[in-house]
Number of protein chains: 2
Amino acid sequence: MIKRTINRLFIYKNALNHFKKLGFVKVFSDNLADAVGVTPSQVRKDFSAFAISGNRRGGYRVNDLLENINKILGKNKVEEVIVVGSGNIGRALIRYNEGFMKENIKIVAAFDTDSSKADRDNAIPILPFEEMADFIREKGIKVGIIAVPDGAAQHVFEVMANAGIKGVMNFAPIMLKGTPTAVISNVNLALELENIIYYVNAGESAAYL
Amino acid sequence: MIKRTINRLFIYKNALNHFKKLGFVKVFSDNLADAVGVTPSQVRKDFSAFAISGNRRGGYRVNDLLENINKILGKNKVEEVIVVGSGNIGRALIRYNEGFMKENIKIVAAFDTDSSKADRDNAIPILPFEEMADFIREKGIKVGIIAVPDGAAQHVFEVMANAGIKGVMNFAPIMLKGTPTAVISNVNLALELENIIYYVNAGESAAYL
DNA sequence: TAGATTGTTAATCGATTAACAATC
DNA sequence: TAGATTGTTAATCGATTAACAATC
């Protein structure tokens, strides 16, 4: 699926930046494959899908490759995102903001239905949920993170989508329904850990999940 | 792959607990499929793979299903895990601990090479990295979370693996090499967001990533 | 019984890998 | 040139979906 190819493109980009920092001028599909854990065929196939070409015998020039990939992935300006829910996950994400900044992602505000949690003076202000829709519209926010309790997630999603949000990272363990105008990615750290624990207790090893 | 089936089993379990709370006594493959976003065939296939059976015409009894799934997934006792790195992600995870507790997962300690960050009085103590190996051995810890800078991740992983860690959730954007005795799951929230942003800017919609 | 749903097999779909001719 | 690596096609692999006989 092209989704996976796009995802790997981001990963290749990351590896290439490492290589560049190490002074590499050229890389071979073999090098990239090793670095990110796929086969060399996969690397070449992925590039081929986007008409990125190297030199037979000479591999790929790191700078050219990065330029090509960046053109495809279009990472240029900072993307402003919002977080809804200032519980454990929400606050954790806000605190992790500087990690996102490295990738040109900036959390610009958080929202919470409990307006007693409002804190407009914070570097990343925490605002009452009622202000969210206007905020989204005014600032033209396109991406939001849902970090509210299960029961509230669907409603929050609908309000977001109505206000113009086009992409959502959802930490609530439910399927968001309706409004097929947004890209949704579900993240569940506890589920991830549960899976790891399952394989550990099952005595499995040497597996990448 | 059976990995995906196991993962879905955890998700079914979650949905079933919801159903149970709502008073459902029976569910059909259709209900579960709707709830978690797969096809009814998939649900039946997954159950079939573990010889879980229902009643033709009568669907599955919620309690029986939960019992069967729990038997397979073996979730009973609390699993103690450690976190290495008390930077942004590490601290965020520690703070999210109560979210993990709901799934019987407990972060019991964090470790950091910067021993000035040590804090033995915290509910979840932050200890010097040098103490980690002994801690793992003494407490029989099997699962660890790597939340250190890229450059340190490989070394941390090796120390962990040598001390007996069998499962790792890795937040560093690198492929951990060697030591094929541990299950590894890579998590990269920034990458997840980058993907969402890509599709939003590409004008795609209605996609689950 | 008639009808609806399971359980399972077969068909489809898509992604990964292998292989190799082209070529730098 | 000889040798190594790409680019792409074909083969493989595995997962999902469809279909339907079994049956409650």
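Sequence lines set the chain letters: A, B, ... in the order given, protein chains first and strands last, and positions in each chain run from 1.
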Which whole-number value in Å describes the distance from [X] [atom1] to [N] [atom2]?
X: B:Asn7; N: D:dT16; atom1: CG; atom2: P; value: 11 Å
X: B:Phe47; N: C:dG7; atom1: CZ; atom2: P; value: 9 Å
X: A:Gln42; N: D:dT6; atom1: CD; atom2: P; value: 15 Å
X: A:Asp46; N: D:dT8; atom1: CG; atom2: P; value: 13 Å
X: A:Leu32; N: D:dG7; atom1: CG; atom2: P; value: 12 Å
X: A:Asp30; N: D:dT5; atom1: CG; atom2: P; value: 7 Å
X: A:Lys3; N: C:dT16; atom1: NZ; atom2: P; value: 12 Å

Does a side-chain heavy-atom distance below 4.5 Å link [X] with [Y]?
X: A:Lys20; Y: A:Leu16; value: no
X: A:Val108; Y: A:Lys139; value: no
X: A:Phe50; Y: A:Leu9; value: yes

If we ignore hydrogens and angles and just use 3.5 Å, is the side chain of B:Arg95 paired with the main-chain N or O of A:Asn88 as donor and acceptor?
no

Non-hydrogen atoms of [X] and [Y] that approach each other most closely:
X: A:Ala35; Y: A:Ala15; answer: CB-CB, 4.2 Å
X: A:Ile126; Y: A:Lys117; answer: CG2-O, 3.5 Å
X: A:Met160; Y: A:Val168; answer: SD-CG2, 4.4 Å

For DNA chain C, which consecutive runs of 3 or more Watson-Crick or G-U pairs (each distance under 3.5 Å) count as stems?
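As far as DNA chain C goes, consecutive pairing (with distances under 3.5 Å) yields the stems C:3-24 with D:3-24.
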
The contact string for nucleotides 18-24 of chain D, one letter per nucleotide 5' to 3', using protein heavy atoms under 4.0 Å with B, S and - for base, sugar-phosphate only and none, comes out as BB-BBBB

Do other residues, nucleotides or ligands put more than 12 heavy atoms under 6.0 Å from B:Glu98 CD?
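Open.
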
Can you tell me how the ring of B:Phe10 sits relative to the ring of A:Tyr198, calling it parallel under 30°, perpendicular over 60° and tilted otherwise?
perpendicular

Measure the acute angle between the ring planes of A:Tyr60 and A:Phe47, then classify it against the limits of 30° and 60° as parallel, tilted or perpendicular.
perpendicular

Does B:Tyr60 reach a base, just sugar-phosphate, or nothing at all? Heavy atoms under 4.0 Å.
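Sugar-phosphate only.
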
Just to confirm, is there a sub-4.0 Å distance from OP1 or OP2 of C:dT16 to any side-chain nitrogen or oxygen of A:Arg4?
yes

side-chain N/O A:Ser48 vs D:dT8 OP1/OP2, d < 4.0 Å:
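For D:dT8, OP1/OP2 do have a side-chain N/O of A:Ser48 under 4.0 Å.
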
Scan residues 9-26 of chain A against DNA chain C and write down, sorted by residue number, each residue with any heavy atom closer than 4.0 Å; if none is found, say none.
none

Nearest to the side chain of A:Arg8 - D:dG7, C:dG7, C:dT16?
C:dT16

Which of A:Asn14, A:Val25, A:Leu32 passes side-chain contact (heavy atoms from CB on, under 4.5 Å) with A:Phe19? It is A:Leu32

